[in-house]
Amino acid sequence: EAGVVQSPRYKIIEKKQPVAFWCNPISGHNTLYWYLQNLGQGPELLIRYENEEAVDDSQLPKDRFSAERLKGVDSTLKIQPAELGDSAVYLCASSIRQAGNTGELFFGEGSRLTVL
Amino acid sequence: DAKTTQPTSMDCAEGRAANLPCNHSTISGNEYVYWYRQIHSQGPQYIIHGLKNNETNEMASLIITEDRKSSTLILPHATLRDTAVYYCIVLIQGAQKLVFGQGTRLTINP
């Protein structure tokens with residue numbers, strides 16, 4: 001079974017340019033997450049989807065970040081315009097609600113963004 | 001969610017048991033203890049979770065104290081591939097929002 005697939009794995013852009021990351025979750029997983037991970041820190045949640053609905057986007061900087069999951073399957077995270085401080089790894093994860101184990105998330109390998 | 005405290009780093013010899021402690025003194029009765037690890041350049045990986053009983057799976061064992069204020073993740077025979085950052089997280093039953101701390105950087109030495 002394929003895991004969570006993210007692309008691109010690496011992206012280098014100049015500041016003020018736009019960038020987009022794509023995530024395809026594990027088949028059948030209705031919950032999708034985007035996390036941000038700065039160097040040396042643990043991941044931080046940006047947004048969580050239940051099917052196509054964003055149920056927790058309180059940590060998403062909405063002035064420059066946007067996300068969508070139109071058909072409740074794959075998702076795109078966009079930054080426009082990118083700033084130097086956005087350099088980080090963007091992780092996508094998915095999960096399926098199960099009694100007693102709702103904390104088991106499956107993560108992709110991440111997309112590493114460098115803003116110059 | 002309750003906050004956790006973990007040592008910043010630990011070392012362990014290959015082949016020995018690695019015991020990673022976690023303090024969660026403010027845990028409430030309906031919060032589970034979850035452990036994840038993150039190998040360099042990969043996403044976090046689920047290891048194990050528990051509520052109050054000790055748990056064991058093919059990866060590790062989880063020992064939770066009777067008062068549930070602390071726990072220990074045990075890797076019984078550590079290998080070089082177990083070198084990673086290990087995160088201890090407490091999560092309310094039914095919730096799906098993991099909040100990661102800084103974790104413990106475990107280095108397995110040959």
Side-chain angles (χ1 to χ4, degrees), chain A residues 2-7 9-10 21 23-26 29-51 53-60 88-113, chain B residues 1-9 20 22 24 27 29-53 55 57-60 62 64 71 73 84-106:
Chain A
V4 175
V5 179
Q6 292 189 245
S7 69
R9 280 280 279 146
Y10 304 93
F21 305 110
C23 172
N24 194 30
I26 292 173
H29 283 197
N30 61 323
T31 307
L32 184 146
Y33 313 74
W34 283 102
Y35 278 83
L36 159 72
Q37 186 169 27
N38 288 305
L39 188 64
Q41 304 295 315
E44 303 169 39
L45 181 69
L46 288 172
I47 189 168
R48 174 167 67 95
Y49 283 92
E50 294 282 350
N51 300 306
E53 181 183 359
V55 296
D56 184 354
D57 64 354
S58 57
Q59 302 302 311
L60 188 73
V89 175
Y90 293 83
L91 293 160
C92 179
S94 69
S95 69
I96 187 167
R97 185 176 289 274
Q98 297 176 11
N101 192 15
T102 57
E104 184 175 358
L105 275 59
F106 296 82
F107 283 83
E109 292 187 306
S111 295
R112 181 178 295 274
L113 173 66
Chain B
D1 294 326
K3 184 177 175 61
T4 62
T5 303
Q6 299 178 253
T8 302
S9 63
L20 292 93
C22 179
H24 31 79
I27 194 170
N30 61 349
E31 287 184 311
Y32 286 76
V33 179
Y34 277 78
W35 283 83
Y36 275 73
R37 75 178 182 183
Q38 188 171 22
I39 295 169
H40 183 63
S41 294
Q42 297 184 20
Q45 176 191 24
Y46 165 81
I47 301 173
I48 198 168
H49 78 287
L51 184 61
K52 51 185 175 182
N53 297 320
E55 302 288 344
N57 63 20
E58 65 279 3
M59 291 182 68
L62 174 60
I64 302 174
S71 61
L73 180 75
V85 178
Y86 287 77
Y87 297 98
C88 169
I89 302 164
V90 293
L91 185 69
I92 196 166
Q93 185 177 7
Q96 290 183 284
K97 179 178 177 177
L98 291 178
V99 179
F100 290 83
Q102 293 196 307
T104 296
R105 183 172 298 277
L106 175 66

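Just so you know, these numbers use all the heavy atoms, side chains as well, and skip hydrogens, waters and symmetry mates. Throughout, protein chains are lettered first and strands after them, A, B, ... in sequence-line order, and every chain is numbered starting at 1.
- Interface remark: of the candidates A:Val89, A:Val55, A:Thr31, A:Thr31 forms the most heavy-atom pairs closer than 4.5 Å to chain B.
- Proximity to chain B (any heavy atom under 4.5 Å) is restricted, for A:Gln37, to the side chain, taken from C-beta onward.
- A:Gln6 does not touch chain B: none of its heavy atoms, backbone or side chain, sits under 4.5 Å away.
- A:Leu91 touches chain B through its side chain: at least one heavy atom from C-beta onward sits under 4.5 Å away, while N, CA, C and O do not.
- Interface remark: A:Tyr35 contributes side-chain atoms only to the contact with chain B (heavy atom separation under 4.5 Å).
- Note that CD of A:Glu104 and OH of B:Tyr34 are 7.5 Å apart. Values are rounded to the nearest 0.5 Å.
- For chain B, the option among A:Pro43, A:Gly110, A:Ala93 with the highest count of heavy-atom pairs below 4.5 Å is A:Pro43.
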